[in-house]
Asker: 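This is the structure I want to talk about, given as C-alpha cells.
A note on names: the letters A, B, ... follow the listed sequences, proteins ahead of strands, and every chain is numbered from 1.
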2 protein chains.
Amino acid sequence: MKEGPDIAAIASLIGDPARANMLLALMSGEALTASELAQEAGVAAPTASEHLLKLRDGGLLAVEKQGRHRYYRIADASVASAIESLTGLSEMIRPRRTRPGPKEPALRMARVCYDHLAGDMGVRLYDALIAGKVLRPNGQSLDITRKGAERLSNIGLDLSAIAKARRPVCKPCLDWSARRYHLAGGLGAAIFTLICDKGWARRESASRVVTFTKRGIEQFHDAFGVSR
Amino acid sequence: MKEGPDIAAIASLIGDPARANMLLALMSGEALTASELAQEAGVAAPTASEHLLKLRDGGLLAVEKQGRHRYYRIADASVASAIESLTGLSEMIRPRRTRPGPKEPALRMARVCYDHLAGDMGVRLYDALIAGKVLRPNGQSLDITRKGAERLSNIGLDLSAIAKARRPVCKPCLDWSARRYHLAGGLGAAIFTLICDKGWARRESASRVVTFTKRGIEQFHDAFGVSR
DNA sequence: TTCATGCTTCGGTTTTAGCCGAAGCATCTT
DNA sequence: AAGATGCTTCGGCTAAAACCGAAGCATGAA
C-alpha cells in the first residue's frame, strides 16, 4: 500500500533498548566484541547474539572476525549521523532527564562521533573550513578547493590517500548538541586522526569525550583557522 | 545501568510501520485529521487513535482541536530533521527497493520538508544564501547579515514578523537526497510560502513534490542569487 | 431535541519479539 | 589430545503490543 522508504524497519532496529545501548556504545568509534556489547546492553550472550545478527542484517553494523573474537562496529558514517540525529531529538523532547552530569559539558565541547570530531569544536572546525574557503559547497557535495588542498597537505594530511578510499571524502553530519553541522567522511576522519597523532587532544577511555590540551587548542586553531 | 539519552524510546515510536506511515504523511507539512492518518496508515480508527496518543505523548506530534476534528502535525522541525535523517539512512542501506519510480526524480529535485523547501532546489538556495552573505554561520547558529536583511525585505519578506514568532529563525536541516543542508526555521518556511504565493512553484496535491514553473525558476534564481 | 459524525476508551484475541539455559562449533591454549 | 573460551543455534517460555468490534463521548447539523 505504501511505497515510501521503510524507515520503520530501521527505526525499529534502533528502537530496542538493548540494541540502542549497543549502538551508543559503538559511537565511540572503536570496535567491540560480542561479549562486550552483551555486557553493555545488559543481556545474556545468546540474546546479544540475536540482536547483533539483526543489526548486521539491517546494515547498521559491520563485523570483523579476529581469532575467536568478533569485532562489531558502526557500518557507515551515515548510520552514525542518524544516531546523532535521534540523540538530538531525544535531548530536545526530554530536556533534562537526569541532572546534567559531570561529563555532559565535556561531551558538548568535544566528542567522537564514530570516527570524527563532533561537539562545539567539531562545529567550529566545520565553519572555519567553509569560511576559510578550504571547502566549498558545490551542488550536491562539498569540494576541497585548490588552496584548501595545499593548506591541508601542509598540515600533514595525505589527501590522495583519502581520495583513493572508497568512502566519500566530505560529508556533513548534524550535531545534536549544537544543532549545527560538523565534518564527517574520509576527510573528517583523517583530521581527527591527525589531531590525536599530534597530541593536540586525546580520547578519554570508554567514553566519547575528547580532551584537548591547552597547547593543542592553540595549534588546532592556528592550523585550521578556527576563530577563538 | 545506562545513563545515555533515551534514543530507544523515540526510535521505537518511529519503528512501527503504521506510525512511520503517519509521520511520513505528515512530512508534507500539512496537518491531517485522525481519520486521514488512519487511512494513511492502513489501520482502523481505534488503532490509529492508540498510535496517535503515543506519538503525542512522545512529543513527536502536536494536536490542534478544530470543531469535531483533531488535526495532527509534526511537533517540531527537529522531529522532521530526524525523520529525514532516517530516510537518508534507509536509502543508503537499501539503495533500490523498488524501481526508481516516476516521482522519485521530482522528489529529489524539489520537495516539501515539513514546511520549507528541500531537495536540490532547497540545497542550492541554502548555499546561495551563505555564499551571497545573506546568512552567516555564527558559533551555534545562523545570523542574517545587515545586507541580507535588506535584500530579503526587498523581495517581500516580513522579517520582523518572522523574528517575533517564537520559533528559531534559521535552522539547517539535513537533506536525505542531496546529503547536504537546506534551510529550515521561520525564515525557511517564510521563503517557501513566498515562492508559492508568487506562483513560482506549486505543491502537488497529496505528495511532497514541488513543481517549479519555467518562469518561476528564473525568478527564483534571480531573487536569491542561486547559480544555475 | 434528535441524529450523524469524528474520535477515543474498553475488552479480548493473536501475534511476535525479547529473553535465557542448554547444547553445538570454532578457535586458541596447554 | 584435552580443555578453555567466545560466539552462535535451538527450544521453549513470557510479556508486550498491535489490532479490531462494540460501546461511549463529545461536537456540529437538522
Asker: Select base, sugar-phosphate, or nothing to describe what A:Y71 touches, counting heavy atoms under 4.0 Å on all strands.
Answerer: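 Nothing, no nucleic acid heavy atom in range.
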Asker: Does a side-chain N-to-carboxylate-O contact under 4.0 Å join A:R73 and A:D115?
Answerer: no
Asker: Take A:V43 and A:Q66, find for each the nucleotide of DNA chain C with the closest heavy atom, and name the residue whose nucleotide sits nearer the 5' end.
Answerer: A:V43
Asker: Separation of A:L52 atom CG from C:dC19 atom C1', in whole Å?
Answerer: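 Roughly 15 Å, once rounded to whole Å.
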Asker: Check the distance between D:dA18's P and B:M22's CE and give it to me in whole angstrom.
Answerer: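 Taking CE of B:M22 and P of D:dA18, I get 11 Å after rounding.
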Asker: Could you tell me how the ring of A:Y114 sits relative to the ring of A:H116: parallel (under 30°), tilted (30 to 60°) or perpendicular (over 60°)?
Answerer: perpendicular
Asker: For A:R70 and C:dT27, give me the distance from atom CZ to atom P, rounded to whole Å.
Answerer: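 Spelled out: CZ on A:R70 to P on C:dT27 is 9 Å.
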Asker: Please say whether more than 12 non-hydrogen atoms of neighbouring residues, nucleotides or ligands are located less than 6.0 Å from CD in A:E204.
Answerer: yes
Asker: Expressed in angstrom and rounded to an integer, what is the separation of B:L13 atom CG from D:dA17 atom C1'?
Answerer: 13 Å
Asker: Roughly, in whole Å, what's the span from CZ in B:R68 to P in D:dT27?
Answerer: 12 Å
Asker: Does A:K54 put a side-chain nitrogen or oxygen below 4.0 Å from OP1 or OP2 of C:dA17?
Answerer: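 No, A:K54 has no side-chain N/O under 4.0 Å of OP1/OP2 on C:dA17.
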Asker: Round to a whole Å and report the spacing from CG of B:D16 to C1' of D:dA16.
Answerer: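 After rounding, the gap between these two atoms is 13 Å.
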Asker: Among C:dG18, D:dC19, C:dT8, which nucleotide sits nearest the side chain of B:T47?
Answerer: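 Side chain of B:T47 sits closest to D:dC19.
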Asker: Counting only side-chain N and O atoms of B:K65, is one of them less than 4.0 Å from OP1 or OP2 of D:dT27?
Answerer: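 Yes, such a contact exists.
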Asker: Starting at CD of B:E50 and ending at P of D:dG21, how long is that distance when rounded to a whole Å?
Answerer: 14 Å
Asker: Side chain of A:A18, heavy atoms from C-beta onward: which of C:dG18, C:dC19, D:dC20 has the nearest atom to it?
Answerer: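 Nearest listed nucleotide: C:dC19.
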Asker: May I ask you to evaluate whether B:H51 reaches the phosphate of D:dA17, defined as a side-chain N or O under 4.0 Å from OP1 or OP2?
Answerer: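 Answer no for this pair, as no side-chain N or O of B:H51 is under 4.0 Å from OP1 or OP2.
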Asker: Should the ring pair B:F220 and B:W200 be called parallel, tilted or perpendicular, given that the plane angle runs from 0 to 90° and is split at 30 and 60?
Answerer: perpendicular
Asker: Could you state the atom-to-atom distance from NE2 of A:H69 to P of D:dT8 in whole Å?
Answerer: 12 Å
Asker: Going by an N to O cut-off under 4.0 Å, is there a salt bridge joining A:D175 and A:R108?
Answerer: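 No, A:D175 and A:R108 are not salt-bridged.
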